[in-house]
Amino acid sequence: MALSELRKRLTDGLAHARLTKTQLARQAKLGRTTVQQAVNTNAAAPTAETVAALARTLRLPVQELLDLQRTAAGADSTRKQGQDPGKPISEWDPHDLEVHPAGPALRGHATGAAMERVLPGYVPRNHDRVLADVVDDVEQGHSHMVVLVGSSSTGKTRACWEAVQPLAQAGWLLWHPFDPTRAEAALDDLQHVRPHTVIWLNEAQHYLGPPDVGERIAAAIHDLLTKPQHKPVLVLGTLWPHFATDYMALPAPGAPDPHSRVRELLAGRTLAIPETFDTEALCTAAALAEDGDRLLADALTRAADGRVTQDLAGAPELLRRYETGTAAARAVLEAAMDARRLGVGLHLPHAFLIDAAIDYLCDQDYDELTEDWVESAFAELARVVHGKQAPLRRVGARPRRRSPGSVQPATANVPVLGQMFRLADYLDQHGRTTRQAQCPPASFWEAAYTHLAHTDDLDNLAEATQSRFRYQWAHHLRHRAIDAGSTNSLAPLAWIRETVGDHDGAEALYRRAADAGSVGALAALARMRKKSGDHDGANAIYRKITDSGESLTEALSRRDANLHAALAKLSRFAAALSVTRAWGPPHTSFFGWPCREV
């Protein structure tokens with residue numbers, strides 16, 4: 001009767017206010033399903049929170065409706081056996097409890113095979129030992145609550161899942177309040193939790209945060225933990241540090257205290273989770289990787305700073321963002337991937353990425369670019385995923401530190417490159433694997449020549465262009481590298497000059513390389529002298545090589561090894577094109593060097 005009267009008053013008030021249920025839900029700040037269930041004659045009694053919100057919005061007497069709700073809820077409190085909150089722990093999938101998947105795996109090897117979420121091996125840390133002690137005490141019949149506090153993707157939820165596995169073997173239930181909202185589900189059923197149940201409050205701010213609801217939930221949990229008839233139960237929650245700080249903060253004198261019950265509940269029940277793996281954890285992870293855990297093995301190659309869990313949690317989302325991003329964002333990412341795999345440093349200039357990305361777009365995508373495509377693409381790529389990672393993030397230059405009394409170094413002759421960006425390590429690794437056979441388009445090489453200024457970047461890209469038969473770009477990139485102060489490009493450029501017959505230019509470059517310490521350049525000079533008939537000059541250079549500590553045989557062997565490595569690369573390229581013979585008949589020359597059939 002109380003429930004019928006309550007629903008009649010709510011229905012009459014809705015008609016009098018001339019509102020639809022959708023409008024009522026919006027004004028009451030409730031879900032439409034919650035409002036629908038509140039007036040549905042076949043549904044359970046609405047919560048006191050829902051009734052109070054509806055009464056205030058419809059301008060009905062709040063206390064009278066709350067009295068009706070309490071009467072109706074008391075009549076509805078008799079529950080049948082088997083309807084207790086929760087289900088056996090063994091029936092839960094950890095991902096349904098919001099454990100982050102560490103990476104997708106193919107189910108089978110056929111094309112189009114379904115993807116399934118997988119977890120890496122678990123690496124216990126210090127907080128896991130504390131949780132294990134709590135679980136041991138719970139198994140002895142005591143109730144406990146632990147809230148793990150840590151930043152995003154530090155392993156809080158996975159630690160809770162691993163901790164309850166002994167309770168799974170003992171037949172415990174696990175209840176995750178979730179529907180219709182987390183707070184409403186907790187308020188409705190906390191009083192019905194029976195012993196030997198784990199209450200799963202992941203992202204506990206959803207339960208404890210709103211002052212009106214959070215205080216009531218905190219009081220209900222306190223009641224559950226302290227009354228003998230409920231023992232044993234285990235309440236596990238997770239929080240980000242700033243939420244824990246807000247809830248535990250004491251109010252200023254005379255100011256409201258919105259989290260007093262939550263603060264009392266959390267006192268002595270929080271457990272901090274470190275941001276990184278310590279040495280012991282890294283050794284354990286390495287051992288699991290050696291035993292075949294591919295996810296951990298990959299993560300350890302990227303997480304040099306010990307942020308292993310963040311890397312594992314962020315990897316799937318980084319890949320999804322790359323695969324489903326806008327055409328412009330994907331083009332920028334692919335330009336960054338190609339730059340990294342071809343030898344450009346970690347920090348990529350903004351202007352380089354913009355100009356390089358153009359030819360990665362097809363004609364239709366290029367025609368659809370808007371005037372603000374650059375800002376939109378970089379804003380899209382800057383949005384973080386799990387573990388505070390972003391596909392492409394802006395980086396700043398740290399100030400250089402000098403020892404006391406040291407001389408201020410001269411400023412390097414490197415132009416200011418403006419904003420710099422760094423590709424996420426996971427996407428860097430993904431690009432090296434999936435784009436290995438791809439050759440960057442023309443816009444990439446032009447942008448590199450125009451915007452890159454570091455000698456190592458230019459030297460590495462010059463090698464990459466030459467191995468991909470972009471000889472004009474190789475020539476220009478080597479000149480730009482030399483102008484920037486590189487000595488590594490002198491000998492290769494001299495070799496090209498010698499090949500085209502510019503012996504004076506080649507000798508001048510070889511001499512510059514030799515002056516910079518290149519024994520190979522000295523060997524090349526000796527060869528040129530001998531070829532021109534200047535045997536005395538050649539012998540003098542050979543003696544200089546010997547005096548330098550490296551024999552002529554070693555120098556020539558090293559030169560030949562480099563040549564054979566280049567020929568092997570050409571051979572593989574020829575095989576890919578189904579070419580049965582190398583680049584010419586046996587014993588012809590290739591860029592001036594004797595060449596055999598490969």
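Scope of the values below: all heavy atoms of this structure, side chains included, with no hydrogens, waters or symmetry mates. Numbering of residues begins at 1 and proceeds along the displayed sequence.
In this structure, the side chains of V123 and L296 come closer than 4.5 Å at one or more pairs of heavy atoms. At a threshold of 4.5 Å between non-hydrogen side-chain atoms, the residues D291 and D293 do not count as touching. With contacts defined as side-chain heavy-atom distances shorter than 4.5 Å, the pair H230/P195 does not qualify. In this structure, L173 and P88 have side chains that are in contact, with non-hydrogen atoms separated by less than 4.5 Å. In this structure, L392 and Y322 have side chains that are not in contact, with every pair of non-hydrogen atoms separated by 4.5 Å or more. P232 is not listed as a side-chain neighbour of H144, based on a closest heavy-atom distance of 4.5 Å or more. Using a 4.5 Å heavy-atom cutoff, the side chains of N202 and F178 are not in contact. Side-chain contact between C160 and E98 is absent, with no heavy atoms from C-beta onward closer than 4.5 Å.
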Checklist entry - Step by step, would you call L282 with L300 a side chain to side chain contact (heavy atoms under 4.5 Å, CB included)? => result CA-CA 8 Å; L282 287 172; L300 288 173; 4.0 Å; yes

Next on the checklist: Between C283 and E280, is the side chain to side chain contact (heavy atoms under 4.5 Å, CB included) condition met? List the steps.
Outcome noted: CA-CA 5 Å; C283 291; E280 181 182 354; 5.8 Å; no

Next on the checklist: Assess the residue pair L97 and L174 against the criterion (side chain to side chain contact (heavy atoms under 4.5 Å, CB included)); give the C-alpha distance rounded to whole Å, side-chain angles, the decisive distance to 0.1 Å, and a yes or no.
Outcome noted: CA-CA 10 Å; L97 295 174; L174 188 149; 3.7 Å; yes

Checklist entry - What's the verdict on side chain to side chain contact (heavy atoms under 4.5 Å, CB included) for H95 and L119, showing C-alpha distance, side-chain angles and the deciding distance? => result CA-CA 9 Å; H95 298 107; L119 289 177; 3.7 Å; yes

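Within 6.0 Å of NE2 in H222 there are 12 or fewer heavy atoms belonging to other residues, nucleotides or ligands. No more than 12 heavy atoms of other residues, nucleotides or ligands shown are found within 6.0 angstrom of OH on Y366. The environment of CZ in R261 is sparse: at most 12 heavy-atom neighbours from other residues, nucleotides or ligands sit within 6.0 Å. No more than 12 heavy atoms of other residues, nucleotides or ligands sit less than 6.0 Å from atom CD of Q364. Applying the 6.0 Å contact sphere to CD of Q229 captures more than 12 heavy atoms from other residues, nucleotides or ligands.
In this structure, Q69 contributes its side chain and P46 its backbone to a donor-acceptor pair below 3.5 Å. Side-chain atoms of R269 come within 3.5 Å of backbone atoms of L265 as a donor-acceptor pair (strictly under, hydrogens ignored). Looking at K156, its side chain does come within 3.5 Å of a backbone N or O of G150 through a donor-acceptor pair. Between the R7 side chain and the A38 main chain, a donor and an acceptor come within less than 3.5 Å of each other. Of the possible polar contacts, one joining the R340 side chain to the V344 backbone as a donor-acceptor pair under 3.5 Å is found. Under the 3.5 Å distance criterion, the side-chain polar atoms of R182 are left unmatched by any main-chain donor or acceptor of L201.
Atoms CG and CG, from D428 and L423 in turn, are 5.5 Å apart once rounded to the nearest 0.5 Å. The distance from atom CG of L381 to atom CZ of R393, rounded to the nearest 0.5 Å, is 13.5 Å. Rounding to the nearest 0.5 angstrom, the gap separating the OH atom in Y122 from the CH2 atom in W161 is 13.0 Å. Note that CG of L234 and CG of D137 are 10.5 Å apart. Values are rounded to the nearest 0.5 Å. Note that the CH2 atom of W175 and the CD1 atom of I89 stand 15.0 Å from one another [nearest 0.5 Å]. Here the CG atom belonging to L190 is positioned 9.5 Å from the OH atom belonging to Y207, to the nearest 0.5 angstrom.
The two residues V213 and A183 come nearest to each other via the heavy atoms CG1-CB, 3.5 Å. Closest approach of T309 to S153, counting heavy atoms only: OG1-O, 2.9 Å. Residues R125 and A281 share a closest heavy-atom pair of CG-CB, 4.0 Å. Contact record, P441 with Y360: CD-CZ, 3.4 Å, taken as the closest heavy-atom pair. Residues G314 and V385 approach most closely at O-CG2, 4.0 Å, considering heavy atoms. A pairwise comparison of heavy atoms in A55 and L65 identifies CB-CD2, 4.0 Å as the closest pair.
Using a 3.5 Å distance cut-off with no hydrogens or angles, the side chains of S152 and Q310 do not pair a donor with an acceptor. Neither side chain, Q205 nor Y247, offers a donor N or O lying under 3.5 Å from an acceptor on the other.
The pair D67-R70 meets the salt-bridge criterion, since a charged nitrogen lies less than 4.0 angstrom from a carboxylate oxygen. Looking at R435 and D338, a side-chain N of the basic residue comes within less than 4.0 Å of a carboxylate O on the acidic one, giving a salt bridge. Using a 4.0 Å cut-off between a side-chain N of Lys or Arg and a carboxylate O of Asp or Glu, E5 and K8 do not qualify as a salt bridge. Of the charged side-chain nitrogens involved, at least one lies within less than 4.0 Å of a carboxylate oxygen, so that D298 and R294 count as a salt-bridged pair.
The list of salt bridge (Lys or Arg N to Asp or Glu O under 4.0 Å) pairs with a residue in residues 225-248, not counting sequence neighbours, reads D223-K227.
Between H430 and Y426, the angle of the ring planes stays under 30°, which puts this pair in the parallel group of the 30/60° scheme.
Every side-chain contact (heavy atoms from CB on, under 4.5 Å) that S151 has, sequence neighbours left out, goes to T154, P241, E275, K388.
Cation-pi geometry between R307 and F277 is not met at under 6.0 angstrom from the ring centre and within 45 degrees of the axis.
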